[in-house]
Amino acid sequence: MRKHLVLLLVILITSFSCTDRDDNITKVNLRIKNTSEVTYQEVIVVSDTTKYTNISSGSYSDYLEYDQLYSYAYINIISDGETYVLQPVDFVGESLLAPGFYTYELGLDESGNVLLNFVVD
């Protein structure tokens, strides 16, 4: 009987002590997925203070935190000495993202335009 109580206690403690990555999140966490065929040496989202580096084709960056972010933003990509920019006109009618985890899947078309697919992780 005592073994059963100890086992039950261990299970209860373990289940209540487990957390997932969404617990206690207070900021927007964004990562980049490179969906192009080239390596991105640098990706800037919103401002120079949020800079992702060396994202190879098909790879993901680490998450960076933002106080505020929309499902799209100003993006500057540097790859092989070329600069590619996505410049939103405005955010009228858009809502800020809630704290959580998100991915900008970024690609480049034949004309050098930045393609953005927004994903909720």
Side-chain angles (χ1 to χ4, degrees):
M1 178 71 173
R2 184 177 177 144
K3 289 181 184 179
H4 294 293
L5 286 175
V6 170
L7 181 60
L8 181 61
L9 183 61
V10 168
I11 291 171
L12 286 173
I13 290 172
T14 303
S15 65
F16 285 111
S17 65
C18 291
T19 60
D20 63 17
R21 68 180 186 168
D22 294 339
D23 292 346
N24 303 317
I25 298 299
T26 60
K27 294 189 177 195
V28 174
N29 292 266
L30 179 72
R31 68 180 175 175
I32 303 298
K33 180 180 182 186
N34 180 349
T35 61
S36 77
E37 298 296 318
V38 298
T39 296
Y40 299 154
Q41 281 80 38
E42 184 175 282
V43 177
I44 296 170
V45 176
V46 179
S47 72
D48 289 338
T49 60
T50 51
K51 193 179 294 187
Y52 303 85
T53 57
N54 298 319
I55 309 169
S56 59
S57 178
S59 296
Y60 290 89
S61 70
D62 291 332
Y63 286 97
L64 295 180
E65 291 185 334
Y66 294 79
D67 292 324
Q68 295 183 342
L69 193 64
Y70 293 95
S71 60
Y72 61 94
Y74 168 81
I75 297 169
N76 183 313
I77 299 171
I78 297 174
S79 177
D80 296 327
E82 297 290 325
T83 300
Y84 306 93
V85 176
L86 175 66
Q87 177 67 62
V89 177
D90 61 43
F91 297 102
V92 173
E94 292 294 320
S95 298
L96 289 169
L97 296 173
F101 291 86
Y102 305 94
T103 300
Y104 280 0
E105 295 180 347
L106 299 177
L108 302 170
D109 70 11
E110 303 81 31
S111 300
N113 298 309
V114 176
L115 306 173
L116 167 63
N117 182 42
F118 174 71
V119 178
V120 178
D121 296 343

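When reading the values below, keep in mind they use all heavy atoms of this one structure, side chains included, and skip hydrogens, waters and symmetry mates. Please read all numbers here as calculations on a predicted model, not as lab measurements.
- Every salt bridge (Lys or Arg N to Asp or Glu O under 4.0 Å) that D67 has, sequence neighbours left out, goes to K27.
- The closest side-chain heavy-atom distance from V45 to L64 is not below 4.5 Å.
- In this structure, the side chains of Y60 and I32 stay at 4.5 Å or more apart for every pair of heavy atoms.
- Inter-residue side-chain proximity for V120 and F118 is flagged as met; some heavy-atom pair is nearer than 4.5 Å.
- Between F101 and Y63, the ring center distance clears the sub-6.0 Å criterion.
- Remark: S79 engages no residue in a side chain to side chain donor-acceptor pair (under 3.5 Å) (not counting sequence neighbours).
- For the atom pair NZ (K33) and OG (S57), the distance works out to 9.5 Å, reported to the nearest 0.5 Å.
- Side-chain contacts under 4.5 Å among hydrophobic residues (ILVMFWY), followed directly or transitively, place Y74 together with V85.
- Proximity of a side-chain donor or acceptor of D109 to a complementary backbone N or O of S111 within less than 3.5 Å is detected.
- The backbone N or O of L108 lies less than 3.5 Å from no partner atom in the side chain of S36, so there is not a single donor-acceptor pair.
- Side-chain atoms of V43 and L106, non-hydrogen and from C-beta on, do get closer than 4.5 Å to each other.
- Counting only residues at least two apart or in different chains, side chain to side chain donor-acceptor pair (under 3.5 Å) contacts with residues 94-107 comprise R31-T103, T103-D121, E105-N117.
- You'll find the side chain of L30 reaches within 4.5 Å of the side chain of Y52, heavy atoms only.
- The distance from atom OG1 of T53 to atom CD1 of I78, rounded to the nearest 0.5 Å, is 11.5 Å.
- For the pair T50 and E65, the minimum side-chain heavy-atom distance is 4.5 Å or more.
- Applying the side chain to side chain donor-acceptor pair (under 3.5 Å) rule to N54 yields no partners; only residues at least two apart in sequence or on another chain are considered.
- Among residues two or more places apart in sequence or in another chain, the side chain to side chain donor-acceptor pair (under 3.5 Å) test is passed with T49 by S47.
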